[in-house]
Number of protein chains: 2
Amino acid sequence: MCAMARPRKPLLSRDLIVETAGALVDAEGLSALSTRRLAAELGVSGPSLYNHFRTKDAILDAVADTVSAQVDLSMFAPDDPRDWRTALHDWAVSYRAALARHPHLVPLLAQGPGRRPAGLRVADTVFGAMVRAGWPPAQATSVGALMRYFVTGSALGSFARGFVDDETAYDPADYPHLGQAHLLAEHREKVDEGAFTTGLRALLDGLGTQYEAGVRDAWGAARRGAGQDT
Amino acid sequence: MCAMARPRKPLLSRDLIVETAGALVDAEGLSALSTRRLAAELGVSGPSLYNHFRTKDAILDAVADTVSAQVDLSMFAPDDPRDWRTALHDWAVSYRAALARHPHLVPLLAQGPGRRPAGLRVADTVFGAMVRAGWPPAQATSVGALMRYFVTGSALGSFARGFVDDETAYDPADYPHLGQAHLLAEHREKVDEGAFTTGLRALLDGLGTQYEAGVRDAWGAARRGAGQDT
DNA sequence: ACCTGAACACCGTTCAAGT
DNA sequence: ACCTGAACACCGTTCAAGT
């Protein structure tokens, strides 16, 4: 019927592996992804994967990077009309939405870009845009990092597990302020939404204050003295 | 020499298991914790652990909760002189320090309190203090959640992996704004510190603005109408 | 009640062998 | 170059058996 060991066309490719692994993780979670299970899903034997990736972790990294690639970065384009605060806001919302689409991958993505190309591109783009907007480089680095902290932290706390669904787990006597309402999964979604929105606004307000204080004194003087642009 | 199967004193206890597991994870990371390895460390055979915990995950939950138990909550005591902003600041710093002491557990703790008692106590205490400070309950919930998002997100991005140590992983042509300096582990620590400090200040500034706006109009009126205290 | 060895159904990865 | 089966050194968990 078909050749056994060496077909003229390879059965596998990096893209096919990543796509299948991503679908498996989305459907059944990280723990469902084993090299053997993935290979079976691809109609192939376990060790075959090692012709295309050095380790299982490398596969997972590639899958995680497809999520970073979904994050909208158009607001940071040099000709985009949005100012840095609006850009940061819209980016955070898009970033969080991408993570929400792949809840099982959030724990990986929250650990930082590592050496994943799309993750690094996000960091690079945000940094570049903040510098262009007038933030000193050291501060621009902080802005990019702290926004990532907040978005990934909120995604992790919201989508990965959060509080537990079974409210009988809590003895109200032990936690006098945490009412029954806190413990319902449905209520939790609204809390997560509200906390994200409130936190994002607070963060951007606070950064705005720091930016304006900086423009008024030190940075402006330093940049004028050094003759740097914008 | 010694009795084989049933000594008069149990060889194991929950506390001993949790302590040994915590030391193992701190020293060698999450992947070093297997039930068999942990049992060996305790001089016991693998299945013995199942007399004290239902699953390996239950052991890990207990270990994680010892970290939450290290978080300082004294700033939220009713008789503590610190106002809510200072209290939140000091708590965030203590929270982050506790996580930094146990970097390998951060991925677990960042997923939320689950049903871990110490984790729930933290959430309960912060919520109670914010309500006492004058935040409406729904907002107090958000404040607690968003602070947790930021602290755990920053700890995860900082201590767990972050950027990768080997700077040759990055081709500067691909990331025009990310200079060599971004990629050194030593530089990264300073960035993480700076981003945490900057973000925490921005968050508290922004929350202060929202609090004062709330006190000026809706909340104050509602609370005066309902005759609630402070 | 608490520990044991044996067993089950898995893992990730290496490697010689095939084409 | 790319896939295979066999093998190595592991896993978490169950369970009957011992005391």
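Naming: A, B, ... by sequence-line order, numbering from 1 per chain. Heavy atoms only: backbone and side chains are in, while hydrogens, waters and symmetry mates are out. Remember, predicted model here, so these are calculated numbers, not experimental data.
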Distance, P atom - from D:dA9 to C:dC10, rounded to whole angstrom: 22 Å
Using a 3.5 Å limit for the pairing distances, which stems of at least 3 consecutive Watson-Crick or G-U wobble pairs does DNA chain C take part in? C:4-8 with D:12-16, C:12-16 with D:4-8
Within the structure shown, what part of the strands sits under 4.0 Å from B:Leu49 by heavy-atom distance: base, sugar-phosphate, or nothing? nothing
Any side-chain N or O of A:Ser45 under 4.0 Å from OP1/OP2 of D:dC3? no
Starting at atom CZ of B:Arg54, determine the distance to atom C1' of D:dG12, rounded to an integer number of angstrom. 14 Å
For A:Gln70 and A:His102, what are the C-alpha separation, side-chain angles and deciding distance, and is it a side-chain hydrogen bond (donor to acceptor under 3.5 Å, both in side chains)? CA-CA 11 Å; A:Gln70 294 172 30; A:His102 306 280; 3.3 Å; yes
Run the ring pair (Phe, Tyr, Trp, His ring centres under 6.0 Å) test on A:Tyr149 and B:Tyr149 for me, step by step, so that the C-alpha distance in whole Å, both residues' side-chain angles and the decisive distance to 0.1 Å come before the verdict. CA-CA 8 Å; A:Tyr149 295 161; B:Tyr149 295 162; over 10 Å; no
Give one of base, sugar-phosphate or nothing for A:Thr35, where a contact means two heavy atoms less than 4.0 Å apart. base
Quick check on DNA chain D: between B:Gly46 and A:Arg36, whose nearest nucleotide comes earlier from the 5' end? A:Arg36
Protein-nucleotide distance (B:Leu60, atom CG; D:dT13, atom P), rounded to Å: 10 Å
Could you tell me the separation between the CG atom of A:Leu11 and the P atom of D:dA1, rounded to a whole number of Å? 17 Å
Can you tell me how far P of C:dT14 sits from CZ of A:Phe53, to the nearest Å? 16 Å
Tell me which nucleotide among C:dC15, C:dG12, D:dC3 gets nearest to the side chain of A:Tyr50. C:dG12
note: A:Leu16, atom CG; D:dC2, atom C1'; distance rounded to Å ~ 14 Å
Indicate yes or no: does A:Arg36 engage A:Glu41 in a salt bridge with an N to O separation below 4.0 Å. no
Is A:Asp90 salt-bridged to A:Arg82, going by a charged N under 4.0 Å from an acidic O? yes
May I have the distance from B:Asn51 (atom CG) to C:dG5 (atom P), rounded to whole angstrom? 14 Å
Spacing of A:Leu38 atom CG relative to C:dC11 atom C1', expressed in whole Å: 14 Å
Got a sec, which pairs hit side-chain hydrogen bond (donor to acceptor under 3.5 Å, both in side chains) with one end in residues 10-21 of chain B, sequence neighbours left out? none
Does a side-chain N or O from B:His52 land closer than 4.0 Å to OP1 or OP2 of C:dC3, or not? yes
Under 4.0 Å: is that the gap between some side-chain N or O of A:Ser34 and OP1 or OP2 of C:dC11? yes
Identify which nucleotide among C:dC3, D:dC15, C:dT14 has an atom closest to any side-chain atom of B:Ser48, counting heavy atoms from C-beta outward. C:dC3
Shortest non-hydrogen separation from B:Ser154 to B:Phe196 and the atoms involved: OG-CD1, 3.5 Å
Taking 4.0 angstrom as the limit, do B:Arg96 and B:Glu193 come out as a salt bridge? yes
Among D:dC15, C:dC11, D:dG12, which is the nearest nucleotide to the side chain of B:Lys56? D:dG12
Taking side chain to side chain contact (heavy atoms under 4.5 Å, CB included) as the definition, give me every residue that meets it alongside A:Ala140, ordered by chain and number, with sequence neighbours left out. A:Phe127, A:Met130, A:Val131, A:Trp135
Return the value, rounded to whole Å, for the distance between atom CZ of A:Arg37 and atom P of C:dC11. 9 Å
